[in-house]
Amino acid sequence: MTKVKIGILASGRGSNAQAILDSIAAGVINGQVAVIISDNPTAQVLERAEKQQIPACCIERSAFSDKRRFEEALAAELERHGVQLVVLAGFMRLLSPHFISRFPRKIMNIHPSLLPAFPGLDAQGQAIRYGAKVSGCTVHFVDEGMDTGPVILQQAVAVASDDTPQNLSERILQVEHELYPRAVQLFCQGRLHCESRIVRIDAAKEEEK
Ligand code: GAR
């Protein structure tokens, strides 16, 4: 099977990007990270890319007069690397419908709550302030809304009565590092199918078990 070319967009630490790179190195994901792009020149994800000799670059929003030109530059870089799957890993920008239409059902995101609960910023803090007893994380395809796209995988994490946003985030992050590589692997195996907003997951073929 030919390897699926993955492009990662990330704004910060990049621990999810790292989990995906580790899973590829372990031979679990039939894919290759063709490029990592950050919108933040000091993002730790760029250091990770350099260490592992993954092509990487920074494309800053401030270098462009408007969002459309910024996104044109992102899309051009992804297309230049032949990217077939765009993985948002802590990319803290809302992408426009125009950008999304360039990669239909080929953009994934991870969000630190059980969507549709607690979309947007500080999902872990929102869960605590709401008094939720369970939160978790969601991998979904990206659509035009904010954290509204078709759900691929979710996993629950219990919220303790004395949790802070910090320690809940850490526990959810551990789960994210397993869930995101699994979703990317399913995509690379061609096992994800969208029927309107329902994502069907094909059973594993014999050789994939
Ligand atoms: C992760 O917790 C991810 O779920 C969250 O940002 C963090 C990035 O961490 N994403 C969002 O909140 C997107 N709405 P990382 O840079 O270490 O992967």
Side-chain angles (χ1 to χ4, degrees), residues 6-25 29 31 33 35-52 54 56-61 71 74 85-96 99-100 103 107-130 132 134-159 163-185 187:
I6 300 165
I8 297 180
L9 303 186
S11 301
R13 177 178 55 186
S15 70
N16 277 291
Q18 187 66 57
I20 291 164
L21 289 169
D22 291 347
S23 196
I24 290 171
I29 296 176
V33 176
V35 65
I36 295 180
I37 307 174
S38 184
D39 57 336
N40 167 12
T42 62
Q44 195 188 338
V45 73
L46 292 173
E47 290 164 33
R48 294 181 192 270
E50 194 181 342
K51 251 187 216 145
Q52 281 157 92
I54 309 284
C57 65
C58 178
I59 300 179
E60 282 185 82
R61 169 67 184 84
E71 290 188 343
L74 287 181
L85 170 66
V86 180
V87 169
L88 308 185
F91 187 67
M92 304 315 263
R93 285 182 188 278
L94 194 59
L95 293 164
S96 72
F99 180 93
I100 293 163
F103 304 92
I107 309 175
M108 278 184 191
N109 181 41
I110 191 157
H111 181 77
S113 74
L114 293 178
L115 292 170
F118 313 126
L121 292 176
D122 188 25
Q124 304 93 332
Q126 290 186 56
I128 289 174
R129 288 190 294 279
Y130 191 83
V134 175
S135 192
C137 49
T138 303
V139 181
H140 64 94
F141 284 117
V142 172
D143 69 3
E144 289 75 12
M146 157 101 73
D147 301 323
T148 54
V151 170
I152 302 168
L153 294 175
Q154 291 187 300
Q155 195 163 320
V157 172
V159 182
D163 260 335
T164 61
Q166 168 88 17
N167 62 21
L168 179 59
S169 299
E170 282 163 17
R171 286 207 314 288
I172 293 176
L173 195 64
Q174 296 313 310
V175 178
E176 292 183 38
H177 293 165
E178 289 172 20
L179 206 67
Y180 216 176
R182 202 153 13 108
V184 172
Q185 174 196 10
F187 182 97

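Positions are given from 1, in the same order as the sequence printed here. For ligands, and for the atoms within them, numbers begin at 1 and follow the listed sequence. The model shown is predicted, which means the values in this text are computed figures rather than measured ones.
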N or O pair under 3.5 Å between Gln124 and ligand 1: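 In fact, backbone or side chain, Gln124 has no N or O that close.
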
Min N/O separation Asn109 to ligand 1 under 3.5 Å: no

Winner among Pro119, Gly90, Pro112, Gly120 once heavy atoms are compared against atom 11 (C) of ligand 1: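 The nearest heavy atom belongs to Pro112.
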
Proximal candidate to atom 4 (O) of ligand 1 [heavy atom criterion; set Arg48, Glu176, Met92]: Glu176

I need the nearest protein heavy-atom contact for [atom]: residue, atom name and distance, please.
atom: atom 10 (N) of ligand 1; answer: Ile110 O, 3.7 Å
atom: atom 7 (C) of ligand 1; answer: Arg13 NH2, 4.2 Å
atom: atom 14 (N) of ligand 1; answer: His111 ND1, 3.3 Å

Heavy-atom gap Gly14 to ligand 1 smaller than 4.0 Å: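 So Gly14 counts as touching ligand 1.
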
Look only at the side chain of [X] and the backbone of [Y], and say whether a donor-acceptor pair between them is shorter than 3.5 Å.
X: Arg13; Y: Gly90; value: no
X: Asn40; Y: Gly12; value: no
X: Gln154; Y: Leu115; value: yes
X: Thr138; Y: Ser113; value: yes
X: His111; Y: Phe118; value: yes

Between Gln166 and Glu170: side-chain donor-acceptor atoms closer than 3.5 Å: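 Distance-only check passes for Gln166 and Glu170.
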
Ser15: numbered ligand 1 atoms lying under 4.0 Å from its heavy atoms: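 That gives atoms 15 (P), 16 (O), 17 (O), 18 (O) of ligand 1.
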
Atoms of ligand 1, numbered as shown, that sit under 4.0 Å from any heavy atom of Leu173: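 Selected atoms, number and element: 2 (O).
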
Atom pair CG (Asp147) and CD1 (Ile110), whose distance is rounded to the nearest 0.5 Å: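 Between Asp147 CG and Ile110 CD1, I get 11.5 Å after rounding to 0.5 Å.
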
